[in-house]
Amino acid sequence: MDVVARHNITVSGPENGRPLVFAHGFGCDQHMWRHVAPAFEDTHRVVRFDFVGAGGSTVPYDPDRYATLDGYAADVLEVIRGLGLRDVVFVGHSVSAMIGALAQVEAPDLFDRLVMVGPSPRYIDDDAYVGGFDEPAIHGLLDALRSNYLGWSATMAPLIVGNADRPELGEELTESFCRMDPAAAEGFARATFLSDHRDVLSRISAPTLVIQCRDDLIAPVSVGEYVAATVPDAELVVLDATGHCPNLSAPGETIDAIATFLRLRSAA
Amino acid sequence: MPSRRSSGCVRRPELPREKAEDAFQEALQADDPVELYERAPCGYLSTGADGRIVKANQTFLTLSGYGLAELLSRSFSDLLTPGCRIFEQTHLMPMLRMHGEAREIALDLVRTNGDILPVLINAMMDIAGDGRPPVVRIAVFDATERRRYERQLMAAKERAEASERHARTLARTLQQTFIPPSLPRIPGLHTANVYRPAGDGTEVGGDFYDVFPIGNDAWTVVVGDVCGKGAEAAVVTALVRHTVRALSVIHDRPAEVMTRLNEVLLRFETDRFCTVVLAMLRPESNGWRVTVCAGGHPPPILIDSDSLPEPLDVRGPLVGIFAQATYTDQELLLGPGQTLLMHTDGITEARGPDGYYGDVRLLRVLSGLGPEPQRLVDGLVADAVEFQGTSTRDDIAVLAVGVPGET
């Protein structure tokens with residue numbers, strides 16, 4: 001099947017622009033980037049897509065392939081190769097930051113640089129390393145996922161409501177935003193929150209920007225600092241924003257951080 | 001288990017639900033906006049866009065056990081179990097940001113005394129648009145009973161799915177006992193077979209076949225069909241298959257085997273009967289001597305490269321019904337280039353859009369396939385399956401034995 005349909009790829013910006021690939025994290029889909037991506041459409045070839053089970057992806061969920069983040073990283077490479085992209089700037093939010101890292105380590109030739117927004121290589125505490133959670137918490141998350149998908153009567157859309165108050169959100173968004181196949185959501189949660197990819201960080205060969213919120217319950221500042229200190233060529237920007245989704249809560253700050261990183265590096 | 005015990009630090013004379021209902025009634029009569037808020041029949045919280053709590057009603061204080069001052073230094077996330085905190089941050093917050101609203105989200109609050117309180121929440125983000133910071137309003141409902149019931153439903157669903165998987169495994173395992181693991185090689189004969197259990201794999205059908213040696217280079221080939229499906233039919237199918245094996249060692253004529261099998265089945269505590277076609281094959285200098293007998297079964301078909309396929313004239317009563325059943329043998333010489341094909345009624349009684357598959361189509365299809373056993377069974381079954389369109393309703397068993405042509 002066509003890679004564009006499989007991953008519900010949307011492409012915008014000039015054809016000869018440098019490719020800027022935005023990847024969404026756990027719990028959402030490519031719409032997470034709708035306040036950020038347009039800022040780069042004048043200068044870059046902007047690519048957004050949905051991972052398996054999310055949004056408009058038509059990839060059948062395969063529990064074995066997606067048992068670890070490697071399956072998702074393989075999908076990233078499928079998207080990049082499928083579109084014939086090179087010298088990619090990959091922007092990954094949340095778990096996608098690590099998925100991007102895995103893909104970059106696997107195929108360094110395809111990537112120019114990485115932007116990791118709220119990354120965490122390991123969510124569960126381990127001796128001196130503080131990920132912020134323990135294993136029972138992750139099982140609590142799986143329970144919460146199950147209860148909520150049950151409450152949403154099995155199918156997918158958690159919310160199909162009018163947006164009279166927010167007309168800037170189109171119909172297409174209310175239909176598909178945060179739509180996630182329940183089995184895929186649970187598998188993604190396991191692959192994300194029970195994983196440990198600390199060893200990958202030191203193998204990232206691309207220049208990397210770590211964007212960290214000042215107060216993030218999912219990826220604490222100390223984790224952002226750990227990532228920036230471990231990736232060989234990395235810089236850390238701590239936003240004034242709070243929460244785990246600066247792409248939604250503070251798009252302006254997020255755009256500035258990415259734009260500065262791109263210009264800075266291009267000038268260097 | 002979730003508990004609604006009071007922490008003792010909040011005035012709390014009654015159960016919250018009853019109290020809340022009373023309060024609601026009072027508030028309506030009094031029409032007092034403060035009471036309407038403070039004693040609303042749900043917990044009611046206001047937070048900033050960052051989740052920091054700026055206001056909470058009395059009902060929420062009662063539900064959570066917190067005092068107002070304690071809450072004002074916390075964010076909504078702080079009140080949740082760690083797992084729900086991840087859910088809130090990865091699902092609820094994006095939803096509020098993008099939709100301005102989230103409904104019926106199931107979360108677990110941690111009360112001040114450490115008890116878990118399952119709740120359902122509705123939340124709205126209010127963006128005034130005049131520069132004032134956004135406000136998130138959250139209605140919190142105690143969902144202890146509902147969530148317990150949902151968990152029971154989930155557990156029941158998981159048990160049902162496990163049972164179905166188990167049933168499939170059992171059915172598949174049982175069905176495998178109706179046939180030999182693979183057809184034995186018979187020197188001087190080519191054999192081929194297809195066995196397709198019907199349906200979705202949760203049920204056991206009654207078709208069986210077997211090929212086994214009976215000494216002095218002689219072989220028995222048997223195809224049969226026990227009426228019905230399910231565990232009871234499976235018991236009878238296993239009985240028939242193994243009885244045929246035992247009887248074939250003692251008796252050297254198929255009709256005798258059939259007569260004894262009929263007796264065994266009549267004495268067995270079952271209403272079930274079966275159809276069987278049984279052939280004994282003995283090598284001769286110019287081919288194989290075949291002695292064949294049938295009870296209620298579609299007759300075997302002789303396929304020859306030189307003439308049209310021809311059903312043998314072997315007929316006998318159903319096995320396991322009549323006390324006085326009489327079975328007779330037919331003999332033929334299966335020469336080089338000739339094949340004997342046996343099948344169950346899963347072929348001829350297959351139903352398609354235009355009625356039954358039937359003998360006419362069977363013979364027509366066979367006549368175009370030639371005598372090579374593998375080609376015969378594959379071609380026939382492919383045609384019968386295609387004829388039925390979607391799934392096969394009945395088991396299909398087809399077995400062919402042929403003497404290779406002289407080359």
Side-chain angles (χ1 to χ4, degrees), chain A residues 24-29 31-32 34-35 94-95 118 123 132-134 136-154 158-166 169 173-174 177-178 180 185 189 192-193 215-219 241-245 247-251, chain B residues 47-52 75-78 80-108 110 116 118-129 133-134 136 143 146-158:
Chain A
H24 69 83
F26 166 70
C28 229
D29 59 31
H31 288 111
M32 282 296 265
R34 66 184 283 124
H35 299 316
S94 193
V95 63
Y123 293 88
F133 296 94
D134 57 13
I138 306 310
H139 291 288
L141 166 67
L142 298 176
D143 280 345
L145 284 174
R146 281 188 215 115
S147 318
N148 281 292
Y149 285 117
L150 185 75
W152 297 328
S153 64
L159 267 178
I160 299 180
V161 292
N163 265 305
D165 298 340
R166 309 194 66 187
L169 306 180
L173 180 60
T174 45
F177 178 67
C178 287
M180 187 96 195
T192 300
F193 292 102
D215 182 10
D216 183 345
L217 290 167
I218 306 292
T242 60
H244 187 56
C245 303
N247 40 5
L248 288 176
S249 65
Chain B
T47 78
D50 59 357
R52 190 101 17 214
S75 71
F76 181 58
S77 300
D78 294 336
L80 303 173
T81 59
C84 286
R85 201 173 296 154
I86 303 178
F87 186 81
E88 188 242 8
Q89 290 288 310
T90 54
H91 288 70
L92 180 60
M93 290 313 287
M95 243 183 260
L96 282 175
R97 286 280 174 187
M98 301 297 273
H99 286 282
E101 188 177 16
R103 287 188 199 156
E104 293 188 48
I105 307 297
L107 296 171
D108 289 334
V110 184
I116 303 296
V119 296
L120 283 176
I121 68 143
N122 284 353
M124 295 181 81
M125 181 178 272
D126 202 347
I127 300 172
V136 178
R146 175 167 296 267
R147 293 273 295 285
R148 183 180 301 149
Y149 178 56
E150 284 175 358
R151 286 211 176 89
Q152 286 168 356
L153 282 182
M154 286 295 284
K157 181 168 169 278
E158 277 160 20

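Lettering of chains follows the sequences in order, A, B, ..., and the numbering in each one begins at 1. Since the structure is predicted, the reported quantities are computational estimates derived from the model, not experimental observations.
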Output the distance between atom [atom1] ([X]) and atom [atom2] ([Y]), rounded to the nearest 0.5 Å.
{"X": "A:L217", "Y": "B:T90", "atom1": "CG", "atom2": "OG1", "value": "11.5 Å"}
{"X": "B:T81", "Y": "A:D143", "atom1": "OG1", "atom2": "CG", "value": "9.0 Å"}
{"X": "B:M95", "Y": "A:L248", "atom1": "CE", "atom2": "CG", "value": "12.0 Å"}
{"X": "A:T242", "Y": "B:M93", "atom1": "OG1", "atom2": "CE", "value": "8.0 Å"}
{"X": "A:R146", "Y": "B:K157", "atom1": "CZ", "atom2": "NZ", "value": "10.0 Å"}
{"X": "B:E104", "Y": "A:S147", "atom1": "CD", "atom2": "OG", "value": "13.0 Å"}

Counting only heavy atoms closer than 4.5 Å, note whether [X] contacts chain B via side chain, backbone, both or neither.
{"X": "A:D215", "result": "side chain"}
{"X": "A:Y123", "result": "neither"}
{"X": "A:F133", "result": "side chain"}
{"X": "A:S249", "result": "both"}

Fill in: Least distance between heavy atoms, B:R85 atom then A:I218 atom
O-CD1, 4.4 Å
Discussion item. Please find the pair of heavy atoms, one from A:L141 and one from B:F87, that lie closest to each other, and give the distance.
Written reply: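 For A:L141 versus B:F87, the nearest heavy atoms are CD1-N, 3.7 Å.
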Worksheet item: Any side-chain heavy atom of B:M98 within less than 4.5 Å of one from A:H35?
Response: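 Yes, their side chains come closer than 4.5 Å.
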Worksheet item: Does any heavy atom of chain A fall under 4.5 Å from the side chain of B:R147, the backbone, both, or neither of them?
Response: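 Side chain only.
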Discussion item. With chain A as the partner, which of B:P82, B:C84, B:S77 has the greatest number of non-hydrogen pairs under 4.5 Å?
Written reply: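 So the answer, after comparing B:P82, B:C84, B:S77, is B:P82.
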